[in-house]
Amino acid sequence: MRAQRTGDTDTSVSFLDVIACAFGAIALLVLILPIGEFGIEAPTPRAADYGRSLWTLSGLREEVAAIEREVAENDELAAVLGAELTSAADKAGYLQDLIDRTRDQARQLRERSAAVAAGVSILERPPPPTEEDMKLDTELAGIPVDSEYIAFVVDTSGSMRQIWDYVLEEFTNVLSIYPGVRGFQVLNDQGHYLYGGSQPRWIPDSPANRSAALDRMRSWLWLPYSASNPAPGIAAAVRDLYDKDRRMAVFVFGDDYAGSDFDGFLNRIDRAVASARAGRGTFRIHAIGFSNEDMAASPLNFGMLMRELTRRHEGAFLALPERHTPPRVTITRGAAAPRRD
């Protein structure tokens with residue numbers, strides 16, 4: 001039988017062995033990992049370019065100052081050498097060569113300094129607008145503003161008369177976000193036009209025509225009958241004014257829907273749009289719901305109906321607060337648009 005070991009053999013590792021193993025592991029990692037393949041050169045920040053240009057410009061200005069001092073010293077040296085040189089020709093040739101070399105160096109440094117200064121001035125300018133910055137706003141509070149012709153279908157019922165100033169204000173605000181439409185028109189919810197006539201047509205857009213339409217609307221609400229049902233007005237606007245070559249939008253203004261047949265209302269508008277062959281992207285229906293203190297009005301029904309109507313016809317619905325409540329929607333378009341705070 002083999003004799004049993006009487007004791008365990010101690011194993012020790014020196015400190016230098018541990019350090020050597022660690023350095024070896026690091027060397028293997030450096031050799032194995034393809035660090036260079038994953039290196040990405042980061043773009044130079046504009047601030048870094050500006051800082052380097054300023055530093056270069058400062059150095060060049062110091063060199064120019066040193067050369068100019070050298071020119072001045074050479075002028076003094078020329079006076080001293082003039083007394084030491086024996087030949088007048090030697091005097092003139094030596095001094096002229098010395099001065100020309102010095103002035104040529106000063107000129108080169110001035111040119112370099114001017115070039116760097118021009119680069120710094122360019123970096124100090126604001127960056128040019130990007131393509132994204134050049135894009136015009138085509139949407140306001142969820143309402144696309146890409147239409148060329150706008151028809152307003154306005155509820156002229158008794159409840160709307162109580163907030164008619166509010167309605168006229170929103171009429172002006174909507175027109176303000178369409179500064180370049182080709183024409184507009186106004187109907188009440190029953191299809192009666194603001195400007196009566198045998199042949200409905202677009203009102204040419206101009207500041208004078210906008211102002212005249214607003215003045216006429218101030219007394220217009222007392223004349224036409226209203227049933228708080230904008231279906232006849234929307235159908236009339238589509239039938240009379242839409243054309244396949246026009247991008248047209250209908251804005252429905254109201255605070256109440258007096259009917260109860262939602263499906264019948266929506267189907268009537270769908271049929272009118274289909275009959276006019278209004279294509280997608282050329283015809284939209286938007287709606288603005290007004291809230292007031294008249295308990296006879298039912299803004300909830302109007303809002304539910306308009307949400308579905310505008311969804312079907314690529315538009316948007318905005319529910320406005322009561323007149324005395326600060327508005328939740330700010331209407332802006334660029335710097336010239338009015339603002340309601």
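- With hydrogens and angles disregarded, no donor-acceptor distance shorter than 3.5 Å links the side chain of H286 to the backbone of G315.
- Using a 4.5 Å heavy-atom cutoff, the side chains of F152 and L187 are not in contact.
- A search for side-chain hydrogen bond (donor to acceptor under 3.5 Å, both in side chains) contacts involving T310 returns nothing, not counting sequence neighbours.
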Starting from the C-alpha separation in whole Å, work towards a yes-or-no answer on side chain to side chain contact (heavy atoms under 4.5 Å, CB included) for V252 and F302.
-> CA-CA 10 Å; V252 183; F302 180 81; 4.2 Å; yes
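- Atom OH of Y257 and atom OG of S228 lie 11.0 Å apart (nearest 0.5 Å).
- Scanning all heavy atoms of the two residues, the minimum distance from L194 to R216 falls at O-NE, 2.8 Å.
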Where do Y225 and N188 land on the side-chain hydrogen bond (donor to acceptor under 3.5 Å, both in side chains) test, with the steps shown first?
-> CA-CA 9 Å; Y225 165 77; N188 87 324; over 6 Å; no
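- Annotation for A151 and A237: closest pair CB-CB, 4.3 Å, computed over non-hydrogen atoms.
- With sequence neighbours left out, the salt bridge (charged side-chain N to carboxylate O under 4.0 Å, His left out) criterion links R182 to E148.
- Remark: side-chain polar atoms of Q185 are paired, donor with acceptor, to backbone N or O of R201 under 3.5 angstrom.
- At distances below 3.5 Å, at least one donor-acceptor pair connects side-chain atoms of S206 with backbone N or O atoms of N209.
- Taking the side chain as every heavy atom from C-beta outward, R210 and L214 never approach each other to under 4.5 Å.
- In this structure, the side chains of P232 and R268 come closer than 4.5 Å at one or more pairs of heavy atoms.
- F184 is linked by a ring-ring contact (aromatic ring centres under 6.0 Å, His included) to nothing, counting only residues two or more places apart in sequence or in another chain.
- For the pair F253 and D155, the minimum side-chain heavy-atom distance is 4.5 Å or more.
- A pairwise comparison of heavy atoms in M306 and P230 identifies CE-CG, 4.3 Å as the closest pair.
- Put simply, CZ on F290 and CG on D256 are 13.5 Å apart, with the number rounded to the nearest 0.5 Å.
- Residues D240 and Y193 have side chains that bring a donor and an acceptor to within less than 3.5 angstrom of each other.
- Contact of the V167 side chain with the I163 side chain is registered, since non-hydrogen atoms from C-beta on lie closer than 4.5 Å.
- Looking at heavy atoms from C-beta onward, R161 lies out of side-chain contact with T156 at the 4.5 angstrom threshold.
- The closest side-chain heavy-atom distance from V238 to F283 is below 4.5 Å.
- Counting heavy atoms from C-beta outward, L309 and I234 have side chains that approach closer than 4.5 Å.
- Every pair tested for salt bridge (Lys or Arg N to Asp or Glu O under 4.0 Å) that includes a residue from residues 187-196 fails, sequence neighbours excluded, so the list is empty.
- Aromatic pair F251/F171: ring centres not closer than 6.0 Å.
- Between atom CZ of residue R239 and atom OG of residue S275 there is a gap of 10.5 Å, rounded to the nearest 0.5 Å.
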Mind running side chain to side chain contact (heavy atoms under 4.5 Å, CB included) on L266 and L305 for me, showing each step along the way?
-> CA-CA 8 Å; L266 296 172; L305 183 61; 4.0 Å; yes
Might you work through the salt bridge (Lys or Arg N to Asp or Glu O under 4.0 Å) test for D146 and R284, ending with a clear yes or no?
-> CA-CA 10 Å; D146 56 353; R284 302 181 187 275; 3.0 Å; yes
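- Every residue meeting the side-chain hydrogen bond (donor to acceptor under 3.5 Å, both in side chains) condition with Y242, not counting sequence neighbours, appears here in chain and number order: T282.
- Sorted by first and then second residue, the pairs that involve residues 302-315 and meet salt bridge (Lys or Arg N to Asp or Glu O under 4.0 Å), not counting sequence neighbours, are D270-R312, R280-E314, E308-R311, E308-R312.
- Heavy-atom minimum distance, A249 versus S147: CB-OG, 3.2 Å.
- We find the CG-CG distance between N229 and D261 to be 9.5 Å, quoted to the nearest 0.5 Å.
- Remark: side-chain polar atoms of W164 are paired, donor with acceptor, to backbone N or O of M217 under 3.5 angstrom.
- Atom CD of residue Q162 and atom CG of residue D255 lie 9.0 Å apart, to the nearest 0.5 angstrom.
- Taking all atoms of both residues into account, the shortest heavy-atom contact from L241 to R246 is O-NH1, 3.1 Å.
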Can E170 and T172 be said to form a side chain to side chain contact (heavy atoms under 4.5 Å, CB included), step by step?
-> CA-CA 5 Å; E170 293 307 319; T172 304; over 6 Å; no
